[in-house]
Amino acid sequence: MLDKSFDPAAIEQRLYQGWEASGAFSADPSSPAKPFTIMIPPPNVTGSLHIGHALDNTLQDVLIRWRRMQGRDALWQPGTDHAGIATQMVVERLLAQQGGPDRRAMGREAFLNRVWEWKAESGGTITRQLRRLGASLDWPRERFTMDEGLSDAVREVFVRLYREGLLYRDRRLVNWDPKFLTAISDLEVESKEVKGSLWHLRYPVEGEPGRFLVVATTRPETMLGDTAVAVHPEDERFRDLVGKRVILPLTGRAIPVVADEYSDPEKGSGAVKITPAHDFNDFEVGRRHALGMPSVLDAEGRVMLDEIAASMVAVDGVADLDFVRGLAGQDRFAARKAIVARLEEMELLEKIEPHTHMVPHGDRSGVPIEPRLTMQWYVDAKTLAQPAIKAVETGQTVFTPRQWENTFFAWMRDIQPWCVSRQLWWGHQIPAWYAPDGEVFVAHTAEEAAAQAREKFGRDVELTRDEDVLDTWFSSALWPFSTIGWPEKTPELAKYYPGDVLVTGFDIIFFWVARMIMMGIHFMGEVPFRTVCIHGLVRDEKGQKMSKSRGNVMDPLELIDVHGADAVRFTLCALAGPGRDIKLSKQRIEGYRAFATKIWNASRFCEMNGIAPRADFDPASARLPLSRWILDAANAALADANAALEAFRFDDYALACYRFTWNGFCDWFLEFAKPVLNGPDGPEKEEVKGAAQHVLGTILRMLHPAMPFITEELWHRMGYGAEGSLIRAPWPEAVPVEGAAEARAELDWVVRLVSEVRTVRSEMNVAPSITVPLLLSGASGESLARAARWSDAICRLGRATEIRALDGEAPRGAVQAVVGEATIMLPLADVIDLAAERARLAKERARIAGEAAKTEAKLGSDVFVSRAPEEIVQEMRDRLEAQQTEMARLDAAMARIAG
RNA sequence: GGGCGCUUAGCUCAGUGGUAGAGCGGCGGUUUUACACACCGUUGGUCGGCGGUUCGAAUCCGUCAGCGCCCACCA
């Protein structure tokens, strides 16, 4: 016997362990089945499951379970990402807490050992949590981006790209994070609005005492590194100054005034100071005019005078070398304050304007990034992007919803060189070695590099390895093929590449999706996946982004504890409309928790009525309209579910399951079945039971991808599991149903009849306890035959004592309603208010009349009749006829009841 | 500054040319032997504004407004 209520907590862990232990999640490269592959977006190894993961992985699990049941050899590849900066931070924080030596004191090797230790102890959190969600990942294949195999792939890619000239070292400005002391890529920079000031500084013109060129800047501290002032070539105000020099205050260096289109006469003072080593635009200007590019800030953003010390010149009233020397080692913001104050004292500060502008910040450190002139490794993304753009243009990879392709194209068509080196320790160390003279050797191993050097120099030379590691996204970009063996030629690689679907959020289209497509095409010769399914962000019920500071985060594990994994999963599916963010509320989850209970109770009802799986039931042999109707409805629901899943419409899939199960199967079919099940044994009861068990089996299978736990549990408890677990059961297929159209027509009629009776009784405030005969007036032979066949169900659901044709006079003061050609009469004169019944009928008549008038107006229009398609016109004619018939019936009903 | 998206019932959202839908909520009723996490009934909308195309527009086009997101080097 099924328990009185469904308790998810009691079954989830047991079922999951059963699936995992039985190998139900395993792909099989040796199977002849067609593969279906999804690569998990590898979560950070430091991570724990948040609601966004829950959504992303629920959707993937739905697809994987669905295809697996369809007989595909499903591979859902699990794994985690080493998350360079994030992980290094976590371990450094841990070291600080423990009060031991810090990273630098430990040294690189010891520190890395410590990180690996941490990973072994704490790195499994998120994979455990994915299990709670029910995710059917192929765990024995779990990979980590720093695994030996994946690291091989990284080295191979690095070496090959280098040899192809698609990866190179360059000394240019990078986004430098002064907190983490590393370069970061453009993507890791986010602009934030900052309220600052615009300082107008006076630069004295050389040889013209009392004349100043005023420059406006938001970053006065970088003036130490100025090497020019630029004015617009057309700007009359400054024309005579071009070619002359100005004295840079504080450091006393004379710098040229150059004419450059970059300078905008409308902005600031119209003259702009040029600091090539600390500003991306100035860098370009510096290149154009062959200017010096001294850096005046060190890695931590502190003033550094090394590169300008020699050129400083004492100039009375303009330069103050002692002051400048005092700045050395000061933080950039402290230096800014000091410089502004000193310039003010020296009367070289013209004015200060309040100024709000966008300032680039490191996305992880949160501090303003500092453009810094350094040597870094770059990938020639522009070249790699071309075939990737083409692949999406030609539909080899399709984004869904399609609109995201625009986002992809916009970025890819304007892609910049990708800075891939990071000054961190945790990550893939760059496979490049340097000879004492700086000559670089890129190789898979130190030995290979040494051999190259020997070849080059004709003798052994001491090589030192590049200290830097690669951007974490460099290894993530290889994920679709590195996880399945590349660069080895494994059976997995042959079978599961390219993958079918990538499911992810729009926020990592640039970081990850685009780069996988580029690398996949370049190294595998084919796109890494056919479809990119982009979903929205999970927000709170008010539409706000969930964040710790707002205190509105919903923890998926808590939700699973309270409502069960199935309810959480189903809710996420039901809300996952295409391209829309999800507003998640507790109420919605509770609603779908109720759905799980409903399924449980429907199964209980079936169990109580001896409805059990029967292999010998042949749907094609069903004779009764009731069983034909429900079998046909199950076919339709299944078709809807399939179409929805094919189109990645998880919301439509959930809705199709929900409606059929609740409204179709529970509300109508089981109610109709009750009289039969309570009636005498015989072929009729056997067929209804057969249809019921068949449809319940279809429901459990159809719902399994979204609600794996409760469906698996019921599958076994109801006895469907003789052949094995539901997770491996075949996906249901449509069954042949004879006479489906007739069955539909009949059941539709019964439903309409019952609904009409219920409505009028309710509207006339007839207590449910009052039961009366149900009389049919003007009914066709077919209707009467149906009434006879469905007498028990109609009486039960319509609170009637009997249903029969009206013979003779209509009863006085009956409640009436029109169903098709027939008029229903309920002799209730004693209990109702006849005036109210007249009013009700009149209102109904007026409603129909209103609709008929609209139809008539349409048909009365010559343009409509002559220009609309014939079938539409005919439809209108039919509609009008039906409306007129119904009005006539209502008129008759009113006449009967007339006082 | 450029691009994208959204605006439909109190709330959350479906609905890509032919009588406006769902869920939740609200309201009224019900111990009908699976289920009150239930059942039955019901109330809610000139589909953001304006203009156009069309026999016909929530749906296509234009425009305006509001909201949101992404990208961008503006001193």
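Side chains included, hydrogens not; waters and symmetry mates left out as well; all remaining heavy atoms used. In what follows, every chain begins at residue 1, and chains take the letters A, B, ... in the order their sequences are listed.
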Extract all donor-acceptor atom pairs below 3.5 Å that involve side chains of residues 559-582 of chain A and protein atoms in other chains or at least two apart in sequence.
from: A/Asp561; atom 1: OD1; to: A/Arg132; atom 2: NH1; distance (Å): 3.3
from: A/Asp561; atom 1: OD1; to: A/Arg132; atom 2: NH2; distance (Å): 2.9
from: A/Asp566; atom 1: OD1; to: A/Phe709; atom 2: N; distance (Å): 3.1
from: A/Asp566; atom 1: OD2; to: A/Ile710; atom 2: N; distance (Å): 2.7
from: A/Arg569; atom 1: NE; to: A/Ala706; atom 2: O; distance (Å): 3.0
from: A/Arg569; atom 1: NH1; to: A/Asp61; atom 2: OD2; distance (Å): 2.8
from: A/Arg569; atom 1: NH1; to: A/Leu133; atom 2: O; distance (Å): 3.0
from: A/Arg569; atom 1: NH2; to: A/Asp61; atom 2: OD2; distance (Å): 2.8
from: A/Arg569; atom 1: NH2; to: A/Pro705; atom 2: O; distance (Å): 2.7
from: A/Thr571; atom 1: OG1; to: A/Ala567; atom 2: O; distance (Å): 2.6
from: A/Asp581; atom 1: OD1; to: A/Leu537; atom 2: N; distance (Å): 2.8
from: A/Asp581; atom 1: OD2; to: A/Arg539; atom 2: NE; distance (Å): 2.7
from: A/Asp581; atom 1: OD2; to: A/Arg539; atom 2: NH2; distance (Å): 3.1

Distance between the C1' atoms of B/rC60 and B/rG23, in whole angstroms? 30 Å

B/rU63 to B/rG68 separation - P atoms, rounded to the nearest Å: 23 Å

Does [X] come within less than 4.0 Å of [Y], counting only side-chain N to carboxylate O?
X	Y	result
A/Asp640	A/Arg649	no
A/Glu886	A/Arg847	no
A/Arg202	A/Glu350	yes

Within the 4.0 Å heavy-atom criterion, would you say [X] contacts the bases, only the backbone, or no part of the nucleic acid?
X	answer
A/Val863	sugar-phosphate
A/Ser861	nothing
A/Cys666	base
A/Lys598	base
A/Arg413	nothing

My understanding is that only residues two or more places apart in sequence, or in another chain, count here; which of them pass side chain to side chain donor-acceptor pair (under 3.5 Å) with [X]?
X	value
A/Asn406	none
A/Glu881	none
A/Arg604	none
A/Arg237	A/Asp235

Between [X] ([atom1]) and [N] ([atom2]), how many Å, whole number?
X	N	atom1	atom2	result
A/Asp581	B/rA14	CG	P	11 Å
A/Arg761	B/rG41	CZ	P	13 Å
A/Glu756	B/rG41	CD	C1'	12 Å
A/Ile599	B/rA34	CD1	P	18 Å
A/Asn406	B/rG3	CG	C1'	9 Å
A/Asp667	B/rU30	CG	P	20 Å
A/Leu670	B/rA38	CG	P	16 Å

Might you confirm whether atom NZ of A/Lys542 has over 12 heavy atoms from other residues, nucleotides or ligands at distances under 6.0 Å? no

Below 3.5 Å, can you tabulate the donor-acceptor pairs from side chains in residues 860-867 of chain A to any protein atom, sequence neighbours excluded?
from: A/Ser861; atom 1: OG; to: A/Phe864; atom 2: N; distance (Å): 3.2
from: A/Ser866; atom 1: OG; to: A/Asp862; atom 2: O; distance (Å): 2.8
from: A/Ser866; atom 1: OG; to: A/Val863; atom 2: O; distance (Å): 3.3

Dot-bracket for RNA chain B, 5' to 3', counting Watson-Crick or G-U wobble pairs under 3.5 Å, with [ ] for crossing pairs and | for inter-strand pairs? ((((((((.[[[[.)..(..]]]].(((((.......))))).....[[[[[..)....]]]]])))))))....

Protein heavy-atom contacts under 4.0 Å, written 5' to 3' over nucleotides 18-29 of chain B as B (base), S (sugar-phosphate only) or - (none), form the string BB---SSS----

Atom pairs under 3.5 Å: protein N/O with N/O of nucleotides 71-73 of chain B:
from: B/rC73; atom 1: O2'; to: A/Asn281; atom 2: ND2; distance (Å): 2.9
from: B/rC73; atom 1: O2; to: A/Asn281; atom 2: OD1; distance (Å): 2.7
from: B/rC73; atom 1: O2; to: A/Asn281; atom 2: ND2; distance (Å): 3.1

Expected rows: protein N/O vs nucleotides 44-48 of chain B N/O, under 3.5 Å:
none

ring-ring contact (aromatic ring centres under 6.0 Å, His included) partners for A/Phe238, two or more places apart: none

Taking only distance into account, with no hydrogens and no angle test, what donor-acceptor pairs under 3.5 Å do side-chain atoms of residues 583-592 of chain A form with protein atoms, sequence neighbours excluded?
from: A/Ser585; atom 1: OG; to: A/Arg588; atom 2: N; distance (Å): 3.3
from: A/Arg588; atom 1: NH2; to: A/Tyr592; atom 2: OH; distance (Å): 3.4

